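Each remark here refers to the structure printed beneath this line.
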There are 2 protein chains.
Amino acid sequence: MTKASTFDRKGRATIVDVGRVAGVSDATVSRALNKPETVSAKTRARIEAAIAETGYVPNPLAKAMVSGRTYTIGALVPTLNHSIFSKFLHALESDLSDQGYNLVVAVTDADRDREVEKAKKLLAMGVEGLIVSGLSHNADLLREAARFAVPLIATSYYEPSAPLPTIGYDNKIVATQALAHLTALGHRRIAVAHGPVAGNDRTRSRIDALADPGEGASLTFYETTLDYAGGAAVVDRLEGPYSALLCLSDVLAVGALFQLRSLGKRVPEDISLMGFDDLDASQFTVPPLSTVRLPIQDMGRVTARAVCDFLDSGSPIAPRLLEAQVIARASTGAVPLAPGASDNPRGS
Amino acid sequence: MTKASTFDRKGRATIVDVGRVAGVSDATVSRALNKPETVSAKTRARIEAAIAETGYVPNPLAKAMVSGRTYTIGALVPTLNHSIFSKFLHALESDLSDQGYNLVVAVTDADRDREVEKAKKLLAMGVEGLIVSGLSHNADLLREAARFAVPLIATSYYEPSAPLPTIGYDNKIVATQALAHLTALGHRRIAVAHGPVAGNDRTRSRIDALADPGEGASLTFYETTLDYAGGAAVVDRLEGPYSALLCLSDVLAVGALFQLRSLGKRVPEDISLMGFDDLDASQFTVPPLSTVRLPIQDMGRVTARAVCDFLDSGSPIAPRLLEAQVIARASTGAVPLAPGASDNPRGS
DNA sequence: CTGTTAGCGCGTTCAA
DNA sequence: TTGAACGCGCTAACAG
């Protein structure tokens, strides 16, 4: 008895130890733990006592090893510093958790290589599913996921013809919706502010959709950094008589709003301002910001359900289009009637 | 021998399969994978070919099982919808990842029971460390972490006498710093807006520190919801001639700012406004918001290092005080000289 | 109702 | 340089 116990490296008791002090086999202990009704009350009591005495706690790794399951899903996001992604993860985690799954998150900093690298790490730790943001074109990612035979889902994007299931909104349609809101108000000369295009296919899609605006509208694009300062900077760079500024992200719009105000420009009297995302703050700015509400919560929910359904019952993961919605608030208004400023045949 | 291949349930090849097609033992394959230099170039080539042919990919679970390690850290946060937490996680993940660890996140919705519940799930999946926000008083949490023998660290809080290591700022000191900024400007009648106290020991501490303000100052506390709307609501409830409004969170301050503006009150001429957190947006509001910058990034970094050092080399995890910093911007100013409004013997 | 026997896939002795 | 054997902690199958 000097040291007959089977302790693991951390000095913790194993199921065998419990069995020994309870005077039963390890298999019985296992049963008492997993199917209590198949064990007599008496021995069950002895086992429980033994568990308490030894301080036994099941080894998760061993369980996972035999079941072959980790109940863990991995998510790759460009950043956690933008609420759009953290909100998504919040919703994702909640639903995943409800279904008994855990969420591992990895930040890619919008770097394709880092994305693959981190994906590998997640795969190597045993995630059963991988969720990425946008339609990554890095073939390695697809291949790695395939090697490990785990489902790979792209979010914030809807593209049924993609090589992997996409769950999200159609960035082209969404951009078009926003533009339609502005043209309906009579705007023709519009400035568009957007974040870096490199490595961001959502932004790319939105811009592409705007390339041929129709309606006699003319758009000018301004790329900037994706933060408040970036939005403010665009305002300083603005050239020409724009009647509206469309920001492909509320963060930019809020930044722009502050800068416009500092310059003494009135919104929407002097220029209409529209955003994208519908941040919490957007309804509280002065004036409240017109924007496009992206279905972020739904996206988290739907994505979680899709992976879990696949993992639990093998249901294939289908692409899913979620709808965005234009929220018209006070930051956009009819284009001012400047004589000779446009060829638009309205009013007096 | 009809079916001599050792395929796991998912039909994937194992190290044995590779060995068989390469004509070597599984042990050799293992070595070729982990210590290539101990295997002859020739057999190594054969093994690589076999790996390619079989599409073998190492089973993470089995590895973890024998090594007893998962390289996974769990973090429990109240929400991901507040940038203070997502920024923390961002920093945490980056550093953890650099050291070869993965991060599992669980959202508690500021509910103690759910916190314990989720902690158990994380422990059951094999995390090697647990990070929580604030000084949770739920004894179960401490006990569970102890049962599984994983380190438990509290963040956003510094309290060296706590039963678990704390890494963060001293909420009492921080609150005092903010108050000092206001009193130095001559403010005496100050309104304090804060989020729900229930289940939030950080807020509790800040309020406690303000209980006895000294300097002849008198504070009135307003509890509200922790969002922009909550900040705006406080403004409507304000009673009495306050010369300053101190919000224990920038979100509240920004909400309050918008509402003050709507009501035609000037900041800081009519009332000084101060926040807490230093959000990205805070420097872009009009006027820019005076606030207290919390060392969130550092906290993520330091916390990551602490867990990793402990796990990698057994260095004990010591409590760590991080310093916050008052950022004086334009939203706070000297108290207006209203005759008879105060006993403060300044200027003429 | 309970014990025995067999793995799960991999790393690590210890011989050869 | 390589192979055989064993162990990690647990669950499942089959006896008894």
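Here is the naming used below: chain letters follow the sequence lines, and residue numbers restart at 1 for every chain. Values in this document were obtained by computation on a predicted structure and should not be read as measured data.
The distance from atom CZ of B:Arg46 to atom P of D:dT1 is 15 Å, rounded to the nearest whole Å. The nearest whole Å value for the distance from the CZ atom in B:Arg20 to the P atom in D:dG3 is 14 Å. Between the CG atom of A:Leu61 and the C1' atom of C:dC10 there is a distance of 12 Å, rounded to whole Å.
Counting only residues at least two apart or in different chains, side chain to side chain donor-acceptor pair (under 3.5 Å) contacts with residues 42-52 of chain B comprise B:Ser40-B:Thr43.
Side-chain nitrogen and oxygen atoms of B:Ser40 include at least one within less than 4.0 Å of the OP1 or OP2 phosphate oxygen of D:dT2. For the pair B:Thr38 and D:dT1, the criterion of a side-chain N or O lying under 4.0 Å from OP1 or OP2 is not met. An OP1 or OP2 oxygen of C:dT2 is reached within less than 4.0 angstrom by a side-chain nitrogen or oxygen of A:Thr43.
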- line: Whether each nucleotide of nucleotides 10-16 of chain D has a protein heavy atom under 4.0 Å at its base (B), only at its sugar-phosphate (S) or at neither (-) is summarised, 5' to 3', as SBBB---
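A salt bridge does not link A:Glu117 with A:Lys120: every distance from a Lys NZ or Arg NE/NH1/NH2 to an Asp or Glu carboxylate oxygen is 4.0 Å or more.
We find the CD1-CG distance between B:Ile15 and B:Leu33 to be 6.0 Å, quoted to the nearest 0.5 Å.
Defining each end axis of the helix from C:dC1-D:dG16 to C:dA16-D:dT1 as the rotation carrying four pairs' C1' atoms onto the next four, with five pairs an end, the two axes are found to diverge by 40° to 10 degrees.
Scanning both residues, A:Ile131 and A:Val307, for their nearest heavy atoms gives CD1-CG2, 4.2 Å. Between A:Ser133 and A:Phe85, the shortest heavy-atom distance links the atoms OG-CE2, 3.9 Å.
When each of B:Thr70, B:Thr72, B:Leu96 is checked for a side chain to side chain contact (heavy atoms under 4.5 Å, CB included) with B:Tyr101, only B:Leu96 meets the rule.
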